[in-house]
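Have a look at the structure below, then the notes.
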Amino acid sequence: MSDVVIAPSILAADCGRLNEEIKEVSEATSFLHIDVMDGHYVPNLTFGVPVVQSIRKNTNMIFDVHLMVTNPLDFFSPFAEAGADMLTFHVETVEDPDVAIEAVRKLGKRVGISIHPDTPIEKVLPYCAKVDLVLVMSVRPGFGGQHFMEESLDRIAAVRKVIDEAGADTVISVDGGICDETAPRVVRAGANYLVAGSAVFGKKDHAAAVKELLACALS
Ligand code: DX5
Ligand code: ZN
């Protein structure tokens with residue numbers, strides 16, 4: 001996965017018509033970002049295992065599950081069984097990231113590690129070449145529709161440097177405040193997997209919004 005991709009975040013979707021919303025974005029991308037929040041690690045609640053199970057029946061999209069929970073190890077297996085393809089945990093939420101990485105690998109799923117904007121980027125660097133995806137949060141996790149934090153650009157660049165030096169092909173994801181204006185800048189900094197909630201589901205034609213965002217990202 002070396003090209004740039006857009007992963008719509010269903011946090012901004014109309015949950016009353018979730019299957020239709022997913023079908024619409026599936027016309028423009030293969031990746032779907034699913035935010036799991038527990039009301040502890042972040043001050044909000046969102047989707048649980050039954051939601052993932054349910055939407056799995058209606059789409060072949062690649063499910064990228066972003067676990068914003070204090071105890072991610074308890075949830076790898078349930079979400080894997082429910083149909084997740086990629087499981088991303090936060091570096092702040094585990095005692096030993098290597099143990100968490102290994103736990104996801106044992107389930108045969110792709111593994112991602114994420115970092116909160118308040119955590120020094122050095123915390124994630126030792127794991128960049130060991131995972132499939134590094135998710136650099138560009139807003140404080142918990143809510144959609146926030147402004148992109150400018151300091152994220154340097155953080156993405158630091159991750160890119162380590163990955164390139166290691167000769168790894170780890171994907172660099174960025175999540176929060178991605179729009180037509182920020183997309184090309186995060187790509188220039190080194191990201192190649194752009195999560196977008198409001199920039200996709202906030203527009204009437206979701207598939208067109210994904211295509212437009214990708215075109216901007218590559219401009
Ligand atoms: C925030 C979530 C994001 C969120 C992004 O905690 O992790 O995935 O949906 O929303 P936007 O794209 O609206 O900033
Ligand atoms: Zn997310």
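Whatever order the structure lists ligands and atoms in, that order sets their numbers, starting from 1. Because the structure is predicted, anything quoted here is derived from the model rather than measured.
If you number the atoms of ligand 1 from 1 as listed, the ones under 4.0 Å from a heavy atom of Ala196 come out as 12 (O). Every atom of ligand 1 with a heavy atom of Gly176 under 4.0 Å away is listed here by number and element: 14 (O). Those atoms of ligand 1 with a heavy atom of Val195 less than 4.0 angstrom away are 8 (O). Within ligand 1, counting atoms from 1 as listed, the ones closer than 4.0 Å to a heavy atom of Met68 are 6 (O), 7 (O). Of all the atoms in ligand 1, the ones that sit under 4.0 Å from a non-hydrogen atom of Asp175 are 2 (C), 3 (C), 4 (C), 5 (C), 7 (O), 8 (O). Those atoms of ligand 1 with a heavy atom of Pro141 less than 4.0 angstrom away are 6 (O). The His33 neighbourhood of ligand 1 comprises atoms 8 (O), with distances under 4.0 Å to a heavy atom of that residue. The distance from ligand 1 to the heavy atoms of Ser198 drops below 4.0 Å at these ligand atoms: 11 (P), 12 (O), 13 (O).
In terms of hydrophobic clustering, with Ile, Leu, Val, Met, Phe, Trp and Tyr side chains grouped at heavy-atom distances under 4.5 Å, Leu11 and Met137 are assigned to different clusters. When the side chains of ILVMFWY residues are joined at heavy-atom separations under 4.5 Å, either directly or via intervening members, Phe79 and Met68 end up in two distinct hydrophobic clusters.
The shortest contact between atom 9 (O) of ligand 1 and any protein heavy atom is with Ser9 OG, 2.7 Å. Of all protein heavy atoms, the one closest to atom 12 (O) of ligand 1 is Gly197 N, 2.7 Å. Closest to atom 6 (O) of ligand 1 among all protein heavy atoms lies Gly142 N, 2.8 Å. Of the protein's non-hydrogen atoms, the one nearest atom 1 (C) of ligand 1 is Phe143 O, 3.6 Å. Nearest to atom 2 (C) of ligand 1 among the protein's heavy atoms is Asp35 OD2, 3.3 Å. Nearest protein heavy-atom contact of atom 10 (O) of ligand 1 is Gly144 CA, 3.5 Å.
Between Gly177 and ligand 1, an N or O atom pair is found at a separation short of 3.5 Å.
Of the charged side-chain nitrogens involved, at least one lies within less than 4.0 Å of a carboxylate oxygen, so that Asp132 and Arg105 count as a salt-bridged pair. Note on Asp85 versus Arg56: salt bridge recorded, some NZ/NE/NH1/NH2 to OD/OE distance being below 4.0 Å.
Shortest non-hydrogen contact noted between Ala80 and Leu107 is CB-CD1, 4.1 Å. Heavy-atom minimum distance, Ala199 versus Ala209: O-CB, 3.6 Å. Across all their heavy atoms, Ser219 and Cys216 have their closest contact at OG-O, 2.6 Å. The minimum heavy-atom distance linking Asp38 with Val69 is given by the pair OD2-CA, 3.2 Å. Taking each heavy atom of Asp98 and Lys130 in turn, the nearest pair found is OD1-NZ, 2.9 Å.
Take the Zn ion (ligand 2) as the corner point: the lines to NE2 of His33 and to OD1 of Asp35 open at 90°, to the nearest 10 degrees.
Under 3.5 Å, the side chains of Asp64 and His66 contain no donor-acceptor pair of N or O atoms.
Nearest N, O or S atom of Asp175 to the Zn ion (ligand 2): atom OD2. His66 contributes atom ND1 as its closest N/O/S atom to the Zn ion (ligand 2).
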Residues Ile156, Val174; criterion side chain to side chain contact (heavy atoms under 4.5 Å, CB included); working and verdict = CA-CA 8 Å; Ile156 292 165; Val174 57; 3.9 Å; yes
